[in-house]
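In what follows, every chain begins at residue 1, and chains take the letters A, B, ... in the order their sequences are listed.
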Amino acid sequence: MPMPELPEVETIVNGLRGPLIGRTFTGVCVGWENIVARPTVLEFQRRIRGQQILGIRRRGKYLIFDLSGGDSLFIHLKMTGQLTIRPGDAPPDKYGHTVFDLDDGRQLRFLDMRKFGRIYLVADENEVAGSLGPEPLADDFTLSQFAALIGKRKGALKPLLLNQQFIAGIGNIYADEALFVAGIHPQRKANTLTGEEIAWLYQAIRQVLHQALADEGTTFDGAYRKADGGEGGHQENLRVFRRKGQPCPRCGSAIERIVVGGRGTHFCPHCQK
DNA sequence: CTAAAATCCTGGTGGC
DNA sequence: TGCCACCAGGATTTTA
């Protein structure tokens, strides 16, 4: 299953800016009420109407639409969410649970087979984004900051990298990939890393995310799609994720899959200590 | 405080 | 072939 993570969300945001910035929402149809986390569906529909899209950005795995009325529209795609722009008279999509009408006659459609995705409309963006950890690709995310954060943690590294309050935007794919590149076992306790290992991990996180961004994300089973419907290319460059039993790209040992913190975790038993 | 487990969903998988 | 129990997976909530 595809879980849009930082590189995928960033790629989608880049593709939505052209067609959407300057457009105004003229209405929204909600086919599955649980998708709208905040406010109530009725208030959501009332408040979004007439607001113009001034900008679109990413924070962690959230897409954020900055609206003219001062509200921020947050969309989290979770597992299977997709965004697509279609003509208003195009046939309905099978999983199109939320459809935004635009002032140019087109629609922004939020498709989500598993219905895990969530939408928030808030006046204060900290209501949703306030507890997120640092952005791993930001200039001000430094090795010394990362080292200070990781030294305080006692738990296993894999769940820590997935913790959005610790660091924002990393999901199952890039956690496994970064730990492999760093040569560190996913079950290592964070506070047992040497200074050298912390530096390797810091570099690995940034390198893996940059490479995936250059590849426009990872598409599995067609579930993550770019704004134009195209697929990413990073699935061709994965080192361990979803490669159980296949040879490690570094040493040739069989990649193993275990469960850590309730999540499927892929690693090389020879290269990762 | 941390950690584990339940929760939400449904297409895909594997067993019989 | 058909039926069905079970699984994955992010983030939140609950429980220990």
Side-chain angles (χ1 to χ4, degrees), chain A residues 1-10 12 30-39 41 58-64 74-83 93-98 110-120 122 125-136 149-179 186-192 209 212 217-225 232 235 238 240-245 255-267:
Chain A
M1 289 303 135
M3 330 117 244
E5 307 180 24
L6 186 156
E8 290 76 24
V9 175
E10 182 91 23
I12 292 168
V30 178
W32 184 258
E33 301 215 340
N34 287 350
I35 299 249
V36 180
R38 241 181 287 173
V41 171
R58 178 196 61 75
R59 175 79 171 96
K61 303 176 197 172
Y62 291 95
L63 297 96
I64 308 176
F74 281 74
I75 296 181
H76 198 306
L77 302 170
K78 289 283 179 80
M79 312 288 297
T80 52
Q82 298 179 26
L83 290 168
D93 293 274
K94 185 169 181 190
Y95 302 111
H97 304 300
T98 308
F110 179 31
L111 322 181
D112 192 0
M113 182 178 76
R114 296 264 163 104
K115 299 176 176 172
F116 270 26
R118 289 294 179 266
I119 297 174
Y120 307 76
V122 292
E125 67 178 81
N126 283 327
E127 265 189 61
V128 181
S131 60
L132 290 176
E135 284 289 330
L149 289 174
I150 210 162
K152 294 180 202 160
R153 297 302 192 121
K154 299 174 191 167
L157 277 172
K158 173 67 185 278
L160 187 59
L161 293 180
L162 296 180
N163 181 346
Q164 301 301 298
Q165 272 113 274
F166 177 74
I167 188 168
I170 297 176
N172 218 24
I173 298 174
Y174 302 113
D176 284 0
E177 293 291 297
L179 286 166
Q187 288 175 311
R188 274 285 292 284
K189 307 295 184 190
N191 61 0
T192 69
L209 292 176
T218 302
T219 298
F220 274 123
D221 309 330
Y224 150 69
R225 297 283 180 162
Q235 57 277 10
L238 293 175
V240 291
F241 189 77
R242 283 246 190 140
R243 295 193 64 245
K244 178 186 174 184
I255 299 300
E256 290 185 8
R257 180 186 185 279
I258 58 176
V259 175
V260 182
R263 296 283 171 256
T265 298
H266 312 75
F267 71 105

Review point. How close or far is atom C1' of C:dA8 from atom NZ of A:K244, stated in whole angstroms?
Key: 14 Å

Check your understanding: Between C:dG9 atom C1' and A:K115 atom NZ, what is the distance in whole Å?
Key -> 17 Å

Revision key, fill the gap. Between CG of A:L157 and P of B:dA3 the distance, given in whole Å, is 12 Å

Check your understanding: Just how far, in rounded Å, is C1' of B:dT2 from NZ of A:K189?
Key -> 11 Å

Are there any protein N/O atoms within less than 3.5 Å of an N/O atom in nucleotides 11-15 of chain C, and if so, which ones and at what distance?
unit_1, atom_1, unit_2, atom_2, d
C:dA11, OP1, A:H76, NE2, 2.8
C:dA11, OP2, A:K61, NZ, 2.8
C:dA11, OP2, A:Q164, NE2, 3.1
C:dA11, N6, A:R263, NH2, 3.3

Exercise for review: Identify which nucleotide among B:dG11, B:dC9, C:dG10 has an atom closest to any side-chain atom of A:N34, counting heavy atoms from C-beta outward.
Suggested key: B:dC9

Exercise for review: Output the distance between atom OG1 (A:T218) and atom CD1 (A:I173), rounded to the nearest 0.5 Å.
Suggested key: 4.5 Å

Check your understanding: Within the distance-only criterion (no hydrogens, no angle test), does the side chain of A:E177 pair as donor or acceptor with the backbone N or O of A:V240 below 3.5 angstrom?
Key -> yes

Practice item. Answer with base, sugar-phosphate or nothing: what part of the nucleic acid does A:D112 contact at a heavy-atom distance below 4.0 Å? Key: nothing

Check your understanding: Would A:E8 and A:Y174 count as having a side-chain donor-acceptor pair, cut-off 3.5 Å?
Key -> yes

Exercise for review: Write down the distance between CD (A:E33) and P (B:dC9), rounded to a whole number of angstrom.
Suggested key: 12 Å

Exercise for review: Rounded off to whole Å, could you give me the CZ-to-P distance for the A:F116 and C:dG10 pair?
Suggested key: 10 Å

Practice item. Give every residue pair that meets the salt bridge (charged side-chain N to carboxylate O under 4.0 Å, His left out) criterion with at least one member in residues 154-169 of chain A, sequence neighbours excluded. Key: A:K158-A:D176

Study note, to complete from the structure: When rounded to whole Å, the CZ to C1' distance for the pair A:R114 and B:dG11 reads 5 Å

Exercise for review: Run the salt-bridge test on A:R59 and A:E125 with the 4.0 Å N-O cut-off and return the result as yes or no.
Suggested key: no

Exercise for review: Using whole Å, report how far CD1 of A:I173 lies from P of C:dG9.
Suggested key: 9 Å

Review point. For A:E127, does the CD atom sit with more than 12 other heavy atoms under 6.0 Å from it, leaving out its own atoms?
Key: yes

Check your understanding: Counting any heavy atom closer than 4.0 Å, what does A:G262 reach on the DNA or RNA strands: base, sugar-phosphate only, or nothing?
Key -> nothing

Exercise for review: Kindly say whether A:Y95 contributes a backbone atom to a donor-acceptor pair with the side chain of A:D93 at under 3.5 angstrom?
Suggested key: no

